[in-house]
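All ligand and atom numbering here is 1-based and tracks the order in the structure. All of these numbers come straight from a predicted model, not from anything done at the bench. The figures that follow rest on heavy atoms only: side chains count, while hydrogens, waters and symmetry mates do not. For the single chain, residues carry numbers from 1 onward in sequence order.
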Amino acid sequence: MSALITRLRAEHRREAYGLGTSTPRLSWWVDSPSEGQLLWTEFEKTTLDGHTQTARVEGAEQVLVAWPFAPLASREMVEVRARAGLTDGTIGGWSEPLRLEVGLLQREDWTVPLVVPSASAPHTGPRPAWMLRAEFEVEVTPVRARLYMTAQGIYRSEINGLRVGDDELAPGWTSYDHRLRAQAYDVTPLLTTGANAIGIELADGWFRGNIGFDGGVWDLYGPHIGVAAQLELTGEDGVSRIVDLAESWRASRGPTTSAGLYEGEEFDARLHEPGWARAGCDDSRWVRPELRELASVSARIEHAVAEPVRQIETLSPVAVEYRPNGRIRLDFGQNISGRLSFRAAGDAGHVLRLHHAEVLENDELAVRTLRRATSIDSYTFRGEGDEEWQPRFTIHGFRYAELEGWPSATLAPESVKAVVLHTDMERTGWFTVDDPMLQKLHDNTVWSMRDNFVDLPTDCPQRDERMGWTGDIQVFAPAASYLYRSAAVLDSWLRDVAAEQHAGGAVPNFVPWVPCGFPEASSAVWGDASAIVPWVMWEQLGDVGILSQQFASMRGWVDHLAARADDDGVIRSGFALGDWLDPIAPPEDPGAARTDRYLVTTAYLVRSARIVADVAVLLGDSRATIAYTDLADRTLSAFRREWVLSSGRMKGESPTSLALALAFHLFENDAQRLEAGTRLAELVAEGGYRIQTGFVGTPIICGALAETGHVESAYALLQQTECPSWLYPITMGATTIWERWDSMLPDGRVNPGDMTSFNHYALGAVVDFMHRTVAGLAPLEPGYRRVRIAPKPGGTVRAAATRFDSPYGSIEVSWRLEKEWFHLTATIPFGVTAEVELPGEAERRQLGAGTYELSSRIRIAELRKIT
Ligand code: BGC
């Protein structure tokens with residue numbers, strides 16, 4: 001009997017390189033047909049010099065298990081492999097080795113200066129990027145060379161003319177006053193003995209570029225930009241040395257004559273010096289940059305916990321149109337976050353402009369909704385044969401592009417590509433369904449997630465916003481942590497949430513915060529991300545570490561919210577966005593919802609206080625357990641007194657208020673729940689099964705209906721195609737999730753509202769219902785250690801399936817209806833158990849690891865489309 005350990009991972013990452021911790025937690029899958037349990041796991045660590053050490057971890061845990069060896073040191077590289085021992089005596093073979101390499105853990109590990117080419121620069125628009133270069137000698141053949149980098153601004157580097165790494169927009173956007181991320185690169189293959197050179201292009205990025213809406217702000221984190229580059233070589237002699245580049249740095253303006261994340265990038269190839277990053281380049285006219293003590297950077301420098309942003313794929317145009325105005329319009333068939341890359345030959349000085357937009361309006365690129373994010377790149381040809389270019393220091397949200405000044409009469413489709421950029425997360429969740437519209441809804445949600453996970457979770461990728469809005473990820477977190485291994489991205493972002501949280505516990509409505517005029521006061525639902533996102537990571541991934549890391553922040557938020565309550569426990573005042581984008585809200589006032597914003601606020605206090613109480617239990621903090629359990633109970637009673645009638649009906653009744661009270665379990669008993677469910681189904685029917693909810697009600701309404709026995713109402717809502725509905729945008733050609741239900745009006749006009757995006761994942765949070773109820777896979781224990789498989793067919797759906805690569809293994813569920821027979825196939829991995837409930841059957845089956853074919857008979861009458 002075999003029991004092989006596979007997918008041995010450190011933290012949540014596939015690549016354990018440049019780790020920012022000395023004690024990386026380990027996770028693994030066990031691949032075994034055995035009925036036994038995991039009894040122990042043995043690890044073998046091998047150091048660079050071949051020393052091995054073993055350690056054994058007793059028990060069945062296999063997710064984010066504490067590092068079993070002594071803490072690793074900065075720069076330390078080891079290989080770890082593991083093998084399993086099962087309760088039936090099976091001892092598995094050794095796993096594939098996992099190479100772990102730690103980055104620079106201590107501030108004192110950094111000995112290089114911050115190289116500052118520009119201390120401050122007046123601007124009227126986006127500023128040029130700077131070129132930095134330094135030459136250095138390598139005496140001994142390097143057996144190991146590492147380049148550790150961080151920057152204030154965004155950079156791209158080369159050594160001897162060869163690109164370093166493949167990350168984009170490094171070091172990304174964090175709360176720079178608190179945290180600056182460092183990158184580690186293996187540059188051994190790029191070096192030669194003798195003369196070498198390093199070249200870095202540095203642009204404003206988020207550090208001092210224009211960010212934020214309503215005009216945005218410049219120089220948010222400082223008037224300067226700078227980079228720290230620490231090159232460390234280990235020679236054949238085993239001696240490690242840090243290459244002293246201080247006196248060799250030179251700086252110059254270059255071909256990137258302007259670069260803004262929103263505005264786009266201008267590149268004049270005539271100014272490009274091909275050999276600028278090679279030894280021997282004449283830099284006599286370059287200037288010496290300022291060298292600042294790295295100590296001047298007060299923020300903590302820490303290695304990234306998440307994968308970098310990378311070029312994930314390229315798309316070719318699905319349509320090319322030659323426009324009367326001489327432009328060439330390209331439709332890439334998919335709304336993405338990314339850029340164009342092209343290859344063309346043009347005369348020296350010829351300028352090509354690249355325009356971007358998500359949709360067309362009146363047969364023109366709809367650029368009004370981009371607001372100040374003009375998203376225009378321009379390239380001036382060098383005039384030397386075919387030239388290839390792609391911007392480096394900007395990113396756009398687009399499906400359509402127009403080429404203004406393409407240097408030849410026609411365009412060969414392969415000469416222009418759309419490059420998709422986002423954090424290189426591992427896909428973990430899939431969903432298929434036999435209704436092509438629902439399938440498209442799911443696919444569009446996946447794309448909106450990809451397009452808005454560019455280093456941090458943002459609201460949208462195209463306009464002068466693209467910010468870490470808390471409320472959006474709060475409602476989308478269950479979907480985000482199912483579709484992709486997004487834990488590390490969320491972990492990184494939550495660190496900024498905690499860092500920017502105010503003393504009294506208030507959480508900025510978007511993080512990193514940009515003071516661009518939006519109220520500083522926090523809103524419930526948005527601020528609750530600080531409590532709910534870590535909790536969702538625990539539920540979905542079994543990551544208790546994020547709970548202890550964020551506990552103070554979670555408590556702080558709940559304390560802040562509780563402090564806003566009146567003596568009777570109800571919150572009736574303060575900033576509250578409420579059920580944002582309820583369809584009845586007029587375009588210019590998206591917060592004007594039908595549901596009382598303080599009902600929503602008070603309900604969220606119950607939810608978050610309960611979460612904090614549960615976390616306190618997990619962390620063994622009994623005082624906090626008592627305090628927050630009490631707060632949750634008091635607020636719950638207050639909520640019931642204020643809004644719940646004994647029948648289960650509600651004052652301030654609306655689909656959102658009923659769904660919220662059901663989803664948050666605010667009713668006193670099942671009778672009230674059932675009455676509320678019935679009332680909700682009535683309201684939904686009265687609304688013609690068109691959407692009547694905003695940010696708050698939308699993610700939970702289908703679940704609330706299904707859990708109270710109104711599955712068909714949920715499907716009627718889900719499969720509705722009239723506006724407002726989830727499927728209406730698809731009837732209008734959407735390839736991502738829209739911000740507004742009617743971002744595009746049925747007549748093809750773009751919604752007149754100033755705030756209109758075609759790529760917000762928030763309303764796509766409904767895919768969580770599709771995973772849990774349509775396909776039927778939901779966790780019963782954190783990390784899907786124990787799951788519930790209970791598909792609820794309905795509407796016109798006759799087949800659905802889902803797969804989730806959980807922390808314990810890949811779980812698959814698929815079902816189909818054939819006449820009155822319901823057929824289910826389920827695959828449950830080693831270490832996971834399942835409770836299966838088939839439609840038409842009362843009894844639940846308990847299943848262990850294995851693949852199962854199960855069937856049940858259901859009364860057709862139960863299956864009818866009610867619209
Ligand atoms: C953002 C949303 C956000 C909302 C709240 C919008 O501008 O795009 O994502 O949740 O404001 O006010």
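Of the options Val533, Leu490, Leu494, Val536, a side-chain contact (heavy atoms from CB on, under 4.5 Å) to Ile546 is made by Leu494 and by none of the others.
A side-chain donor from one of Asp491 and Gln549 sits under 3.5 Å from a side-chain acceptor of the other. Side-chain atoms of Thr693 and Thr656 form no donor-acceptor pair, as typed in the model, at a separation below 3.5 Å. For Ser492 and Arg179, the side-chain atoms include at least one donor-acceptor pair closer than 3.5 Å.
Per-residue contacts place Asp459 under 4.0 angstrom from the following atoms of ligand 1 (heavy atoms of the residue considered): 1 (C), 8 (O), 9 (O). Contact atoms of ligand 1 toward Trp526: 3 (C), 5 (C), 10 (O) (distance under 4.0 Å to a heavy atom of the residue). Residue contact check: His760 has heavy atoms under 4.0 Å from atoms 1 (C), 2 (C), 8 (O), 9 (O) of ligand 1. Each of the atoms 2 (C), 3 (C), 9 (O), 10 (O) of ligand 1 lies under 4.0 Å from some heavy atom of Asp472.
In this structure, Arg466 falls outside the shell of residues with a heavy atom less than 4.0 angstrom from ligand 1. Residue-ligand proximity: Glu739 is placed with a non-hydrogen atom under 4.0 Å from ligand 1.
Two residues are said to be in side-chain contact when any heavy atoms from C-beta on lie closer than 4.5 Å; Val612 and Phe551 meet this criterion.
Using a 4.0 Å cut-off between charged nitrogen and carboxylate oxygen, Arg555 and Asp559 do not count as a salt-bridge pair.
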Donor-acceptor pairs are to be reported for all side-chain atoms of residues 211-220 against protein atoms at under 3.5 Å, with residues two or more places apart or in another chain.
unit_1	atom_1	unit_2	atom_2	d
Asp219	OD1	Arg127	NH1	3.4
Asp219	OD1	Arg127	NH2	2.6

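Residue-level proximity to ligand 1 for Phe695 is carried by the side chain, the only part with a heavy atom below 4.0 angstrom. With a 4.0 Å cut-off on non-hydrogen atoms, Phe518 touches ligand 1 through its side chain and not its backbone. At a heavy-atom distance under 4.0 Å, only side-chain atoms of Leu577, from C-beta outward, approach ligand 1. Neither the backbone nor the side chain of Met467 has any atom closer than 4.0 Å to an atom of ligand 1 (non-hydrogen atoms only).
The nearest protein atom to atom 5 (C) of ligand 1, hydrogens excluded, is given as Trp469 CZ3, 3.5 Å; this is a heavy-atom distance. If you check which protein heavy atom lies closest to atom 1 (C) of ligand 1, you get Glu465 OE2, 3.2 Å.
By the neighbour-count criterion of 12 heavy atoms within 6.0 Å, atom CZ of Arg427 is densely surrounded, having more than that number from other residues, nucleotides or ligands.
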